[in-house]
Every structure is written in C-alpha cells, then in structure tokens.
Amino acid sequence: QVQLVESGGGLVQAGGSLRLSCVASGRTVYAMGWFRQAPGKEREFVSAISWSGSMRYYVDSVKGRFTISRDNTNNKVYLQMNSLKPEDTAVYYCAADGTRFYSTRPNDYDFWGQGTQVTVSS
C-alpha cells in the first residue's frame, strides 16, 4: 500500500505563491499528479509528471503559472504555484500511479493523499 502526505497549503493573496509538497511511502510509485476540488465543483486534474520527470502535463488554466517537479531519491513531488488567483482556491490532492510511468488519465491514479487546502484571497 502507498501513503501520500501533502503539505504546503495555506492562505495567500492573489498574485502570491505557494509550494505544495507530497511525500510517498510504502512502495515505489511512478506517474504522479496533482488534482484539485473546489466547493461544489468536480475534481480537476491539474498537473502530472512522468517517472523520469521528462514529461509533464498541465491543465490550460494553470499553464505558465504552475510547475510540477519530483525528487525520486526522496519520493517527493512538488507543485510550485505562482501568480495565484482566487479561482485556484481548492483542496489539492496528490495522486500516484503504481504501474504506469506517465498518465494523463485521472482514472489511472491508484493512490491518493488526504488533501491540503489552498485559499487565494482577492
């Protein structure tokens, strides 16, 4: 089994930055990603990164503002979020795929963290 623990969420003013971290434990994971869910909305696939880090995906609304990266030595994935907007407010979840090196299909992700709240004030 895999445990994913996110950290780094918080309250920030519009235009500010936050860096989310997620550490995985329990077994090796491959593709990793970040999802978010705002109140009353469906879960949204925000970003993904391949095992090697060479392939990355971003939803259009965060392109140019968010950067995903990973540190396989320490089993961590990060999401650097710059130029934050109030519409980025959501609970952000880290997710991992135990078999695929890279995936942009949300249903491929087997393991999930508990989420970290990001609130952007206007």
Side-chain angles (χ1 to χ4, degrees):
Q1 189 67 338
V2 173
Q3 293 78 44
L4 301 174
V5 178
E6 304 99 334
S7 61
L11 173 64
V12 64
Q13 289 188 332
S17 298
L18 285 174
R19 189 193 194 204
L20 304 184
S21 300
C22 172
V23 59
S25 62
R27 53 159 281 192
T28 300
V29 293
Y30 298 101
M32 297 193 77
W34 290 94
F35 293 74
R36 66 186 180 187
Q37 188 164 22
K41 294 188 176 182
E42 293 187 354
R43 185 185 64 191
E44 180 179 41
F45 190 8
V46 177
S47 184
I49 188 167
S50 63
W51 166 250
S52 66
S54 62
M55 292 184 287
R56 302 178 186 184
Y57 161 84
Y58 299 99
V59 68
D60 285 347
S61 59
V62 308
K63 285 180 181 177
R65 301 188 297 122
F66 290 12
T67 303
I68 191 170
S69 60
R70 68 188 297 164
D71 174 2
N72 289 342
T73 300
N74 293 302
N75 298 319
K76 289 186 174 181
V77 64
Y78 305 97
L79 187 67
Q80 178 67 43
M81 306 186 295
N82 299 330
S83 302
L84 283 161
K85 304 175 181 180
E87 51 263 44
D88 294 319
T89 295
V91 177
Y92 283 70
Y93 297 92
C94 174
D97 187 332
T99 55
R100 299 167 187 83
F101 288 105
Y102 181 62
S103 176
T104 58
R105 298 185 301 184
N107 289 341
D108 284 345
Y109 287 81
D110 311 296
F111 308 106
W112 296 82
Q114 81 289 350
T116 185
Q117 176 70 47
V118 171
T119 303
V120 184
S121 64
S122 57

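Keep in mind that this is a model prediction, so the values were computed, not measured.
Y78 and V62 fall into different hydrophobic clusters, where Ile, Leu, Val, Met, Phe, Trp and Tyr side chains are chained together by heavy-atom contacts under 4.5 Å.
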side-chain contact (heavy atoms from CB on, under 4.5 Å), that's the test. Do Y58 and V46 meet it? Break it down for me. CA-CA 6 Å; Y58 299 99; V46 177; 6.0 Å; no
Go through it in stages, so that I can follow the logic: the residues are S47 and L79, the test is side-chain contact (heavy atoms from CB on, under 4.5 Å), and I'd like the CA-CA distance, side-chain angles, deciding distance and then a yes or no. CA-CA 8 Å; S47 184; L79 187 67; 4.2 Å; yes
Would you check, one step at a time, whether the test side-chain contact (heavy atoms from CB on, under 4.5 Å) holds for E87 with V120? CA-CA 8 Å; E87 51 263 44; V120 184; over 6 Å; no
Set out, in order, the CA-CA distance, both residues' side-chain angles and the distance that settles side-chain contact (heavy atoms from CB on, under 4.5 Å) for M32 and L4, then state yes or no. CA-CA 11 Å; M32 297 193 77; L4 301 174; 4.1 Å; yes
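Across all their heavy atoms, Q117 and A90 have their closest contact at NE2-O, 3.4 Å. Here the shortest heavy-atom pairing between S54 and S50 reads N-OG, 3.3 Å. Listed here is the closest heavy atom pair of S61 and E44: OG-OE2, 4.1 Å.
A donor-acceptor contact shorter than 3.5 Å links the side chain of D97 to the backbone of R100.
Using cut-offs of 30° and 60° for the angle between ring planes, the F45 and Y109 rings count as perpendicular. Ring geometry, Y93 versus W112: the interplanar angle exceeds 60°, so the pair is classed perpendicular (tilted spans 30 to 60°).
The residues K85 and D88 are annotated as not salt-bridged, no charged nitrogen and carboxylate oxygen being separated by less than 4.0 angstrom.
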Could you pull out every donor-acceptor pair under 3.5 Å between side chains of residues 7-29 and any protein atom, sequence neighbours left out?
residue	atom	partner	partner atom	Å
S17	OG	N82	OD1	2.9
S25	OG	Q3	OE1	3.4
R27	NH2	G98	O	2.6

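Between atom OG1 of residue T116 and atom OH of residue Y92 there is a gap of 10.5 Å, rounded to the nearest 0.5 Å. With rounding to the nearest 0.5 Å, the separation of CD1 in I49 from CZ in R70 is 6.0 Å. Atoms CH2 and CE, from W34 and M81 in turn, are 8.0 Å apart once rounded to the nearest 0.5 Å. With values rounded to the nearest 0.5 angstrom, Y102 atom OH is found 6.5 Å from M55 atom CE.
Through side-chain heavy atoms spaced under 4.5 Å, either directly or across other Ile, Leu, Val, Met, Phe, Trp or Tyr residues, W51 is tied to Y30, F101.
The side chain to side chain contact (heavy atoms under 4.5 Å, CB included) with C94 is formed by just one residue from the set Q114, E6, K76; it is E6.
For the pair R43 and F35, the cation sits on the ring face: its NZ or CZ lies under 6.0 Å from the ring centre, inside 45° of the axis.
When only modelled atom types and interatomic distance are considered, S69 and D71 share no side-chain donor-acceptor pair under 3.5 Å.
Taking S122 as the reference, P86 meet the side chain to side chain contact (heavy atoms under 4.5 Å, CB included) condition, with sequence neighbours excluded.
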